[in-house]
Protein chains: 2
Amino acid sequence: MDAPRTARARARAELTSQILDAAHRQLVDVGPSDLSLRAIARELGMSSSAIYRYFASRDVLLTALIVQAYDAIGEAAEAAEAAVDRNDLEARWLTACRAARAWSLAHPHQYSLIYGSPVPGYAAPADTIDPAGRVGLLLARIVQDAAATGRLATTGESERAEESTSRATGVMHPQVVEAFGEVDEASVITGVAAWTSLFGTISFEMFGHYENVVTDRDAFFDDVMRRAAYQAGLRS
Amino acid sequence: MDAPRTARARARAELTSQILDAAHRQLVDVGPSDLSLRAIARELGMSSSAIYRYFASRDVLLTALIVQAYDAIGEAAEAAEAAVDRNDLEARWLTACRAARAWSLAHPHQYSLIYGSPVPGYAAPADTIDPAGRVGLLLARIVQDAAATGRLATTGESERAEESTSRATGVMHPQVVEAFGEVDEASVITGVAAWTSLFGTISFEMFGHYENVVTDRDAFFDDVMRRAAYQAGLRS
DNA sequence: GGGAAACGAGAGCACTGCTCTCGAACGTGG
DNA sequence: CCACGTTCGAGAGCAGTGCTCTCGTTTCCC
């Protein structure tokens, strides 16, 4: 952000990112709750107390890592989705979901950092809520594109959906509704439900809940995400 | 289970459950990762090392608490569902889901113990996989009842569902297919997807992912669970 | 009753996050 | 250019953790 004028400022920025890197490296094989400030300090050859010049507490460091992880999975999903034909909405959807899953399976500890139980004594810092929505925003954009090209199926299924739709108003946060663009709130709900389903499925797989339940995880995931896309209003 | 013949065995059983109770009590306000063996020992007026006569390690104690939590949420869902008219399949479904959510909101730390990121260095003990499926089994039973009374919608929606159904075989574990009874595998998949959606939605709500996203959580949950029931093949 | 197993308490080890102090390096205003 | 104030790093230390080991004591079973 700011250009580091003085040598001290430059050294500070350098060390800050070195600490972050070391923490990120440690996260590869230890898991968030076992992440140790002292171990990071050892790896960097500095005293443990020196870390506190750069991060006020362990939780602050974790928060920074959380933001990193959100950005990483968001970027992975965006990059994959960007390579797909803009007109093939379902392919875009499925590709984004698959990319999110692939990233998660490749980075289990970072995943549990952002989608597991919050490890600090329940503190959802404001810095994290913005990057947290990145994958969700990507999905919302696809739904929005579907609506823009007149390809969003508004009525869910049969009369039942209509019934629940009729009284569903004011359920979602205005800024989320805005992110979906000019679609009715029922579509926002199904979109958020699909987003939830995406990470619910990944979490269940990663946290062992599909042990002795789902054998072919790839096929299962694809199937569920396809149905989620359909229910969100996307038709091929 | 076994009748404690000797006084020593009786004292052992007594103390074991006292430790478990103290741990459970501590879980009300501290969260799984902050659960302290020494604090439990202090509360019980015994030395910390004495705990190890009853639980070989902290993880073993946590495992016991996990089983307790699974049983508790399972029992809550079952009790609520049992009070509903057996013929109203959707009401049974929705009631079970609501009970699971209500239990979760009332017991956040126990919830994150079973549906959050696994706190031990990734150990999913065999003792836990059985009670873990209790809520899922309940939902499966409802689907099974629907099939038994000829009220299970087998073809999902349109030709798309049929397409993905055609190649979906061998995806699920045989014992899960068996738990669903005489339904085709596609219905098992949608059932497991609905089960995933249930806890995915609860997790997102509990772990703060609906902050600035969903305002009316009750209405949102009902809506999503109703759609999940529909997609699982349940029709009112 | 005597031998063996189970038990409780205490000390101790290695580790954690975090605080405080103190001397050294650094940057900037006069 | 140099003195003063800020920033930084290291070390010691505190309170706490899970866990192990030892050493008497209690209980059980033959």
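When the P atom of C:dC26 is taken as reference, atom CD of A:Glu14 falls 16 Å away, rounded to whole Å. In this structure, CZ of A:Phe55 is placed 13 Å from P of D:dG9, rounded to the nearest angstrom. One can place CG of A:Leu61 at 10 Å from P of C:dG17, the figure rounded to the nearest angstrom. Atom-to-atom, CG of A:Asp34 to C1' of C:dG17 comes out at 14 Å; the value is rounded to the nearest Å. Atoms CG (A:Asp59) and C1' (C:dT16) sit 14 Å apart, rounded to a whole Å. Going from atom CZ of A:Arg42 over to atom C1' of C:dT16 covers 10 Å, rounded to whole Å. Atom CZ of B:Arg58 and atom P of C:dC15 are 18 Å apart (whole Å). For the pair B:Arg38 CZ and C:dA14 C1', the computed distance is 12 Å after rounding to whole Å.
Residue contacts shown for A:Tyr54 are limited to sugar-phosphate atoms, with no base heavy atom under 4.0 Å away. Residue A:Ile51 is out of contact with every strand shown, counting any heavy-atom pair closer than 4.0 Å. Residue contacts shown for A:Leu35 are limited to sugar-phosphate atoms, with no base heavy atom under 4.0 Å away. Residue contacts for A:Leu15: at a heavy-atom cut-off of 4.0 Å it reaches the sugar-phosphate backbone alone, with no base atom in range.
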Readout for nucleotides 20-30 of chain D: B = base within 4.0 Å of protein heavy atom, S = sugar-phosphate only, - = neither; 5' to 3' it is BB----BBSS-
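Salt bridge B:Arg101/B:Glu205: present, at least one basic N to carboxylate O contact under 4.0 Å. Using a cut-off of 4.0 Å between Lys/Arg side-chain N and Asp/Glu carboxylate O, A:Arg98 and A:Asp222 are scored as salt-bridged.
The nearest pair of heavy atoms linking A:Ser112 to B:Ser117 is CB-CB, 3.7 Å.
Other residues, nucleotides and ligands contribute over 12 non-hydrogen atoms within 6.0 Å of the CG atom of A:Asp71.
Between the side chain of A:Ser197 and the backbone N or O of A:Ala193, no donor-acceptor pair lies under 3.5 Å.
In this structure, A:Leu198 and A:Val224 have side chains that are not in contact, with every pair of non-hydrogen atoms separated by 4.5 Å or more. B:Tyr115 has its side chain out of reach of B:Ile202: every pair of non-hydrogen atoms, C-beta onward, lies at least 4.5 Å apart.
Closest approach to the B:Leu37 side chain among C:dG8, D:dC19, C:dT16 is made by D:dC19 (side chain taken as heavy atoms from C-beta onward). Nearest to the side-chain atoms of A:Ser47 among the listed nucleotides D:dG11, C:dC18, D:dT17 stands D:dG11.
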